[in-house]
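Encoded as structure tokens, the structure appears first; notes follow it.
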Amino acid sequence: SQQGEEDPQALSIQEGENATMNCSYKTSINNLQWYRQNSGRGLVHLILIRSNEREKHSGRLRVTLDTSKKSSSLLITASRAADTASYFCATDAGGANSKLTFGKGITLSVRP
Amino acid sequence: EAQVTQNPRYLITVTGKKLTVTCSQNMNHEYMSWYRQDPGLGLRQIYYSMNVEVTDKGDVPEGYKVSRKEKRNFPLILESPSPNQTSLYFCASSPWDADTQYFGPGTRLTVL
């Protein structure tokens with residue numbers, strides 16, 4: 001069953017601007033992860049935030065997690081044309097199966 | 001180079017003709033999983049394996065089989081493919097004690 005729901009579905013920005021993508025989920029999680037997928041390629045892990053964390057940074061990426069609202073946001077600062085891709089949030093409920101439950105994805109276009 | 005490989009990358013077949021999509025990882029990961037990606041649905045888990053000879057169903061296992069005879073390999077078998085199995089398939093792996101998953105490049109399957 002789908003857990004993460006990303007918002008917006010598509011985002012188009014100018015190079016240099018910041019991109020903010022949101023994800024909401026329904027049930028308790030152990031951690032939440034963001035992945036990037038370039039067109040027709042495999043998914044690449046970007047960043048993971050655990051349920052007891054509120055904010056994490058990795059380079060130009062900043063992710064926040066609000067477990068009371070069951071939501072997360074991914075901020076990409078100073079976007080580049082190479083950031084053009086689909087972005088997915090994935091939740092891990094923990095337990096024996098390390099299953100990631102993915103949202104439908106956000107298509108980000110960064111115009112040069 | 002640490003990677004997950006899938007073969008074939010592209011396959012067009014006909015209804016009912018058995019096929020196997022191979023997945024191999026060279027990172028000595030215990031956990032492996034198969035997902036399918038369909039437009040508007042995100043990624044959904046088909047089967048997963050916690051270790052050799054240990055496999056279990058994901059969210060959409062109908063019409064698929066898997067085996068895990070060796071740690072590095074996790075083939076996906078479609079005994080009698082049908083057009084609704086036309087999709088983009090991803091294999092992923094991770095160590096037992098890690099949360100992030102490493103994805104293969106994908107296999108685009110078309111069943112006519």
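Per chain, numbering begins at 1; letters A, B, ... match sequence-line order.
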Applying a strict 4.5 Å limit to non-hydrogen atoms, the region of A:E6 in contact with chain B is neither
#### Entry: Trace of the side-chain hydrogen bond (donor to acceptor under 3.5 Å, both in side chains) decision for A:Q33 with B:Q101
CA-CA 10 Å; A:Q33 305 176 32; B:Q101 295 187 17; over 6 Å; no
Quick check on the hydrophobic clustering: are B:L88 and B:M32 connected, directly or via other members, by side-chain heavy-atom contacts under 4.5 Å? no
Any link between B:V66 and B:F90 through a network of hydrophobic side chains (Ile, Leu, Val, Met, Phe, Trp, Tyr) touching at under 4.5 Å?
no
Quiz item: Got B:Q45 and A:T101 here, is their nearest side-chain heavy-atom distance under 4.5 Å?
Solution: no
Within one Ile-Leu-Val-Met-Phe-Trp-Tyr cluster: B:V54 and B:Y31, side-chain cutoff 4.5 Å: yes
Under 4.5 Å to a heavy atom of chain A? For B:Q37 that would be side chain
Distance col, row A:L100:CG vs B:T100:OG1, nearest 0.5 angstrom, shows 9.0 Å
- Message: With a 4.5 Å cut-off on side-chain heavy atoms, are A:L43 and B:Y35 touching?
- Response: no
### Query
More than 12 non-hydrogen atoms from neighbouring residues, nucleotides or ligands closer than 6.0 Å to OH on B:Y102, yes or no?
no
With the 4.5 Å side-chain cut-off for hydrophobic clustering, are B:W34 and B:Y64 part of the same group?
yes
Among residues 8-19 of chain A, residues within the sub-4.5 Å heavy-atom range of chain B, in order of number, are none
Given the rule that I, L, V, M, F, W and Y join up when any side-chain heavy atoms are under 4.5 Å apart, are A:L46 and A:I76 in one cluster?
yes
Q.
A quick test of your reading: do over 12 heavy atoms of other residues, nucleotides or ligands sit less than 6.0 Å from CD1 of B:I12?
A. no
Ranked by heavy-atom pairs below 4.5 Å to chain A, first place among B:G106, B:P105, B:G104 goes to B:P105
| said: Counting only heavy atoms not in A:R41 (residues, nucleotides, ligands), do more than 12 fall under 6.0 Å from its CZ? | reply: no
Taking every heavy atom of A:K104 against every heavy atom of B:L41, the minimum-distance pair comes out as CG-C, 4.1 Å
Chain B shares the most heavy-atom pairs under 4.5 Å, among A:G105, A:S86, A:G42, with A:G42
Any side-chain heavy atom of A:F88 within less than 4.5 Å of one from B:L43? yes
Other residues, nucleotides and ligands only: do more than 12 of their heavy atoms fall within 6.0 Å of CZ on A:R80?
no
